[in-house]
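For reference, the structure is listed below as structure tokens.
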Amino acid sequence: MQLFKETKIILLSSMSSLGSGSPEEIERSWCACVLYCVSKLGNAGKAKEDRGITLRQILRAFDLKIVDFFKEMPQFCIKVGFILTGLYGSDWEKRLELQELQANLVHLCSLGRHYRRAYQELFLLNDGKPANNSSELNVQQASEYYDFGWLLFLVLRNQASSAVKNLLTSTTELVSVLAVLIIHIPVRLRNFSIEDSSCFAKKSDKGVNLIASLCERYLTSEDELSKALQKTNILIKDILKKKPCSDVSECQQGSLSFIDPEGLTFFKNFLEEDSLKSSLQVLEKEYVNGLDTKGELDARMFANDEDSLLGSGSLSGGALKLPGTKRKYDDVMASPTKSTASRAPMSPPRFCPSPNGNSFCNSKMAPFTPVSTAMTTAKWLRSTISPLPSKPSGELLRFFSACDKDVTDDIICRAAIILGAIFTGSSFGERMCTSLRNTSGMDAIWTEQRKMEALKLYYRVLESMCRAESQILSGSNLTSLLSNERFHRCMIACSAELVLATHKTVTMMFPAVLEKTGITAFDLSKVIESFVRHEDSLPRELKRHLNSLEERLLESMAWEKGSSMYNSLIVARPTLSAEINRLGLLAEPMPSLDAIAVHHDISLGGLPPLPFHKQPDKDEVRSPKRACTERRNVLVDNSFRSPVKDVIKSKFLPPLQSAFASPTRPNPAAGGETCAETGIGVFLSKITKLAAIRIKCLCERLQLSQQILERVYSLVQQIISQQTALFFNRHIDQIILCCIYGVAKISQLALTFKEIIFSYRKQSQCKPQVFRSVYVNWPSRSRSGKIGEDHVDIITFYNEVFIPTVKPLLVDLGPGTSPNRNNEPKSGGDAPFPESPRLSRFPNLPDMSPKKVSATHNVYVSPLRSSKMDTLLSPSSKSYYACVGESTHAFQSPSKDLNAINTRLNR
């Protein structure tokens, strides 16, 4: 009640926020956010049984879906952050653990869907023998096997991965549970034949090698699966009190027939009817007792995609994507009023029987899911990067020694310190530190393995870059590049981010690597394109991940307070220095290596001594070490992916040396301009290209004419060149939305802001915070009478800030004017940049892939890759159709899928 009363004024002002829903919906969401914050922040130090209520209870009490809660929570935290700081301290955001909870939910949704699909392929839900029991009882018993498998996985996940929860480890644990089910569930319920070579291809003289076959099917590592299976067997012995069967020959007459028993443990009568019920009760109790009641969700719900808390659909780029939520393909939807008491703990999934009776063997290709994608990228890491040496190669050492001073020791020591800061117990939160003490170093081993993978990837790409740079310079002396501290930290951060993205950890998500390495988003944006170009083997999904990161860096993160971009901008555009200094945007000095080593307690035993670091020059670009009190987005959408990829490419990429040189240093390759001017030019050209892509997508969705589109693009161009300060501390989409509305008004179009926001919500990159919370810094003489920093809705921003700033530019774009004439600013004091470049026409953007083919439907088409074409047209496949994604109906042929899609579009 205290928190609610203190935030009530903000709640009332939010009632009129654009796109926030009805007042009743806003109030329910607000109360849920208040209660969640108090349950997480106000119960520190209390006993576990007194820690309050769970998020599941909060959502049920306020009739909210998970997706709705995570839409509203970031906005709530932005608006009431200063109140939470006063009540709970400056570290409230870290203690709230929203980002970790969000990632955990996404993973559980993916894992739940993966488990449902795998169970459907492997087992039947009705044994077809109603002689002694009714069919209903058979279905119930079969569904109990399903419940048992998911509960066994959840208990295993909570015990084995309590420190570093990640999608890869969880998937391996899930496959180990499938192995246990295969050898213990009655043979009559199998949906496969163990002798069928297409199902289990890995065989020996003793029979089917189950572990190897499952690894091939689900792309897991045999060593990791064997370890996970051992943990599962220990759990069954310790918690369920089951004894392994000592006589293997006796067991091979039943479920183990035609299966090589090596590496497997069989528990006699383990899943018989009476034993199954008691085992379910024990696992239920074990899971509930181990459930963290500090606001966590009950993960049992994720085995059933019709749970009323999950909701339907996904949030595109907003806060959360739930890949396991139910698609709206069926007319029957889960009742929103369904209570926990009205159903079993986990309702059985609604499966469609395979027409051929053997879906596991008939499926030629593993479905494209978040889990399968993660396992594919992990296979690349396991097969391509892990076998590499953990030290620089001979060729790389030659580049190091060819510098003015041998930099080998510096580079090795730096890599050890930075990676030690990223992959350390404190990086993974308090839970990690506690677990490291409780799991006998098991999670410390996992952390060390990830650190080695990042180190090997760093050396591999660095060698490729050095080779390319030496060819450009026609020499092997790369002193200016290899002695640059910021360059190496960016490379290490990029390598570590790819390893973390591959394993999909719950805690260490972007931009955590920036904070650990002491660099900024603008720094990282300088190496992403080069990193991708110099690692040919990089999987497609990791390239997409880096592309989505680059978009996030360009659209908002590089414009945040403390970005090193402002240290370059103040040199390239001196007229902006007053505004940059007024807002306090300049970056702080980059923390030294020894400071990082001391802060993270990194031991340098066996490593060369720390390199000597001189004090930074007064002209050197500086980077912030972010304070925990700094205002930031609470939630980061790690799953965001723009439909536009690989198109933000500058025509001229300056050498890496100039990209990381001091801003005031002259760039000999750029006609005498400073390195800052070159770097800012490249950065703004990328901003312009990204803006063009988003303007085109949104104007097409709004069905605006080409002339309006070009006027909007022209206005954005002029703002970038003449009123750059409008982007400070803001998102580029906020400027684009205002430009569209401004051009529509000046062109006398009947287009409302509400219609623009409605269409923007359908964009893949949409975040509700973009139009609900725009940064403003009111001057002492503002029309609103307010002073200082504030966050307002986009209409207030448009009226109070945008229009007074760009009104002269808008008037020039009115009817009768050409948007592509040379709009050079008038001479005099009002022109910030007297030499603004001539505005170009709207660029000819390459065909987007996937390309949107319907103005009213979210339907995209991608060209078929040649490798897939060869597979489809091969005589063995006998298929000329390919559908990627979810089928419109279970086990439906691709041709019928295409007909269904066409029918929907033609409506």
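The structure displayed is predicted, hence computed values, not measured ones.
Not one N or O on the side chain of Ser170 forms a donor-acceptor pair closer than 3.5 Å with the backbone of Leu167. With hydrogens and angles disregarded, a donor-acceptor distance shorter than 3.5 Å links the side chain of His534 to the backbone of Ser530. Under the 3.5 Å distance criterion, the side-chain polar atoms of Gln734 are matched with a main-chain donor or acceptor of Val770. A donor-acceptor distance shorter than 3.5 angstrom exists from the side chain of Thr377 to the backbone of Ala374, with no hydrogens or angles considered. Between the Ser685 side chain and the Val682 main chain, a donor and an acceptor come within less than 3.5 Å of each other. Judged purely by atom type and a 3.5 angstrom limit, Arg95 has no side-chain atom pairing as donor or acceptor with the backbone of Lys40. Judged purely by atom type and a 3.5 angstrom limit, Ser401 uses its side chain to pair as donor or acceptor with the backbone of Arg398. In this structure, Thr479 contributes its side chain and Asp404 its backbone to a donor-acceptor pair below 3.5 Å. A donor-acceptor contact shorter than 3.5 Å is absent between the side chain of Asn484 and the backbone of Leu481. Between the Trp380 side chain and the Ser537 main chain, a donor and an acceptor come within less than 3.5 Å of each other.
Thr502 has its side chain within reach of Leu168: a pair of non-hydrogen atoms, C-beta onward, lies under 4.5 Å apart. In this structure, the side chains of Leu538 and Leu498 come closer than 4.5 Å at one or more pairs of heavy atoms. A heavy-atom distance below 4.5 Å is found between the side chains of Asn166 and Trp446. Taking the side chain as every heavy atom from C-beta outward, Arg552 and Phe510 approach each other to under 4.5 Å. Contact annotation: the side chain of Leu98 never approaches that of Gln102 to less than 4.5 Å [non-hydrogen atoms, C-beta and beyond]. At a threshold of 4.5 Å between non-hydrogen side-chain atoms, the residues Lys451 and Glu448 count as touching. Taking the side chain as every heavy atom from C-beta outward, Leu593 and Glu485 approach each other to under 4.5 Å. Taking the side chain as every heavy atom from C-beta outward, Asn777 and Asn729 never approach each other to under 4.5 Å.
A donor-acceptor pair shorter than 3.5 Å cannot be found between the side chains of Ser563 and Glu560. His791 and Gln769 share no donor-acceptor pair across their side chains, judged by distance under 3.5 Å alone.
At a threshold of 4.0 Å, the pair Arg382-Glu224 does not count as salt-bridged, since none of the basic side-chain nitrogens sits closer than that to a carboxylate oxygen. Salt bridge status for Lys405 with Asp410: present, with a side-chain N to carboxylate O gap under 4.0 Å. Residues Glu453 and Lys456 are not paired through a salt bridge, judged by the lack of any N-O separation under 4.0 Å between the basic side chain and the carboxylate.
Environment of CG in Asn477: crowded, with over 12 heavy atoms of neighbouring residues, nucleotides or ligands closer than 6.0 Å.
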request  = Check step by step if side-chain contact (heavy atoms from CB on, under 4.5 Å) holds for Ser773 and Gln75.
outcome  = CA-CA 7 Å; Ser773 182; Gln75 177 73 4; 3.6 Å; yes

Go through Ser564 and Asn567 one step at a time and tell me if the side chain to side chain donor-acceptor pair (under 3.5 Å) criterion holds.
-> CA-CA 5 Å; Ser564 58; Asn567 296 61; over 6 Å; no

As a quick check of understanding, evaluate salt bridge (Lys or Arg N to Asp or Glu O under 4.0 Å) for Glu579 and Arg582, giving each step before the final call. CA-CA 5 Å; Glu579 184 67 6; Arg582 184 182 77 86; 3.1 Å; yes

| message | Ser577 vs Asn581, test: side-chain contact (heavy atoms from CB on, under 4.5 Å). Steps then yes/no. | response | CA-CA 6 Å; Ser577 60; Asn581 289 321; 4.3 Å; yes

Residues Leu585, Trp559; criterion side-chain contact (heavy atoms from CB on, under 4.5 Å); working and verdict: CA-CA 9 Å; Leu585 300 177; Trp559 298 100; over 6 Å; no

(Q) One pair to check against side-chain contact (heavy atoms from CB on, under 4.5 Å): Thr517 and Asp523. What are the steps and the verdict? (A) CA-CA 11 Å; Thr517 55; Asp523 298 327; over 6 Å; no

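Scanning all heavy atoms of the two residues, the minimum distance from Cys490 to Leu524 falls at O-CD1, 3.7 Å. Closest heavy-atom contact between Ala587 and Gly562: CB-O, 3.5 Å. Nearest heavy-atom pair, Ser90 versus Thr85, reported as atom, atom and distance to 0.1 Å: CA-CG2, 4.0 Å. Ala416 and Ile602 make their closest contact through O-CG2, 4.5 Å (heavy atoms, listed as atom of the first residue, atom of the second, distance). Closest heavy-atom contact between Met509 and Ala103: SD-CB, 3.4 Å. The two residues Ser390 and Leu455 make their nearest non-hydrogen contact at O-CD2, 3.4 Å.
Here Lys686 contributes atom NZ and Glu529 contributes atom CD; the two are 5.0 Å apart, rounded to the nearest 0.5 Å. Between Lys543 atom NZ and Phe531 atom CZ the span is 12.0 Å, to the nearest 0.5 Å. Annotation: the span from Ser476 atom OG to Leu478 atom CG amounts to 7.0 Å, rounded to 0.5 Å. The structure places CG of Leu396 at 8.0 Å from OH of Tyr459, a figure rounded to the nearest 0.5 Å. Atoms CG and CG, from Asn547 and Leu542 in turn, are 12.5 Å apart once rounded to the nearest 0.5 Å. Taking NZ of Lys561 as the start and CG of Leu583 as the end, the distance is 8.5 Å to the nearest 0.5 Å.
The ring of Tyr566 has its center closer than 6.0 angstrom to the ring center of Phe728.
When each of Leu419, Ile418, Ile492 is checked for a side chain to side chain contact (heavy atoms under 4.5 Å, CB included) with Tyr458, only Ile492 meets the rule.
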